[in-house]
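Below is one structure; the comments refer to it alone.
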Number of protein chains: 2
Amino acid sequence: MNSLEILKTEHELLAKYAKAISHPIRVYILYFLAKQACCFSGDLDKILPIARSTLSQHLKELKKAGLIKGNIEYPKIRYCLNTDNWEEAKKLFENFFGK
Amino acid sequence: MNSLEILKTEHELLAKYAKAISHPIRVYILYFLAKQACCFSGDLDKILPIARSTLSQHLKELKKAGLIKGNIEYPKIRYCLNTDNWEEAKKLFENFFGK
DNA sequence: AATATGTTTCGTAATTTTGCGAAATACGAA
DNA sequence: TTCGTATTTCGCAAAATTACGAAACATATT
């Protein structure tokens, strides 16, 4: 893989993370998790003015992007930041904007 | 405006900037401008594997989000970062990820 | 086995995004 | 005034996103 391809991959990765952050609801969820460590979907459902199914979809998006993960604790699911990828995203954005 | 509303606005602003960055082509354009100061649409057209009209649309998106601006220098248009908003976005992301 | 709980998946609809080629635009140069 | 250049806007189509309510799921409890 040459440097141009690495560059391309990095751009695509940054775009992927940016896309995950590109909706106010998802920004809020990430903000909430970054502050409070972890929470259950129901905690967010109480706060956010959207249907549960819609919330679930946003959580799915964030999971797909790798920014959060969910651990089952029946009958609930505990959502947390995926700290490794969170740090990766942080570094990509830092680099992008110029440290 | 209370603190919750300010928070909401900040989340929406961050989401808006993230959306602008959420496409690889736009990431590349911003990266290019951040490195090289300014350039013409034609410079990008030579590099990027998309139609001119599509490139134009992406530039429009970035302008709409406030991250770039274009100065007419007939028959070309010189595109530059909108540094004020670029700095604002940088700070929002820094805050978001935790400084 | 039946029920209750927290959450996701399904089906659907409306809107937005992405992309292209063709045509339009704006202006300087011939 | 006509021509050339750089870029945008238009018209369209395909795909993705966002949203909802209803139904399905997985499991602990009764």
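Below, chain A is the first sequence line, B the second, and so on; all start at residue 1. For clarity, every value in this text was computed on a predicted model and none was experimentally measured.
- No engagement by B:Leu55 is indicated, since no non-hydrogen atom pair under 4.0 Å with the nucleic acid exists.
- Linking Ile, Leu, Val, Met, Phe, Trp and Tyr whenever their side-chain heavy atoms come within less than 4.5 Å puts A:Leu81 and A:Leu44 in one cluster.
- Of the possible donor and acceptor atoms, none in the side chain of A:Asn95 sits under 3.5 Å from a partner among the backbone N and O of A:Leu92.
- When all heavy atoms are compared, the tightest approach of A:Asn82 to A:Lys69 is CA-CE, 4.1 Å.
- Here the rule is ring pair (Phe, Tyr, Trp, His ring centres under 6.0 Å) with B:Phe96, and of A:Tyr31, A:Phe97, A:Phe93, A:Trp86 only A:Trp86 fits it.
- Axis angle, first five pairs versus last five pairs of the helix from C:dA1-D:dT30 to C:dA30-D:dT1: 0°, rounded to 10°.
- Nearest heavy-atom pair across B:Gly66 and B:Asn85 is O-ND2, 2.9 Å.
- Distance from the side chain of B:Ile77 is smallest to D:dT8 among C:dC20, D:dT8, C:dT7.
- Per the geometry, NZ belonging to B:Lys76 stands 13 Å off C1' belonging to C:dG28, to the nearest Å.
- Residues from residues 56-74 of chain B with heavy atoms under 4.0 angstrom of DNA chain C, sorted by number: B:Gln57, B:His58, B:Tyr74.
- At whole-Å resolution of the value, CD1 in A:Ile25 and P in D:dC20 are 9 Å apart.
- Proximity of A:Thr54 to the phosphate of D:dC20: a side-chain N or O atom is located under 4.0 Å from OP1 or OP2.
- Atom C1' of nucleotide C:dT18 and atom NZ of B:Lys19 are separated by 12 Å, given to the nearest angstrom.
- Here C:dT5 is the nucleotide among C:dT5, C:dT7, C:dT18 with the atom lying nearest to any side-chain atom of A:Pro75.
- Taking both residues in full, the closest heavy atoms of A:Asp45 and A:Leu55 are given as N-CD2, 3.6 Å, listed atom of the first, atom of the second, then distance.
- A donor-acceptor contact under 3.5 Å is formed by the side chain of A:Ser53 with the base of D:dG21.
- No donor-acceptor pair closer than 3.5 Å links the side chain of A:Lys63 to the backbone N or O of A:Gly70.
- The shortest distance between the side-chain N/O atoms of B:Arg26 and the OP1/OP2 oxygens of C:dT18 is below 4.0 Å.
- For the pair A:Lys16 NZ and D:dA16 P, the interatomic distance rounds to 17 Å; values are reported in whole Å.
- The side-chain heavy atoms of A:Tyr28 and A:Ile47, taken from C-beta on, include a pair separated by under 4.5 Å.
- For the pair A:Arg52 and D:dC20, the criterion of a side-chain N or O lying under 4.0 Å from OP1 or OP2 is not met.
- Closest heavy-atom contact between A:Leu33 and A:Cys80: CD1-C, 4.1 Å.
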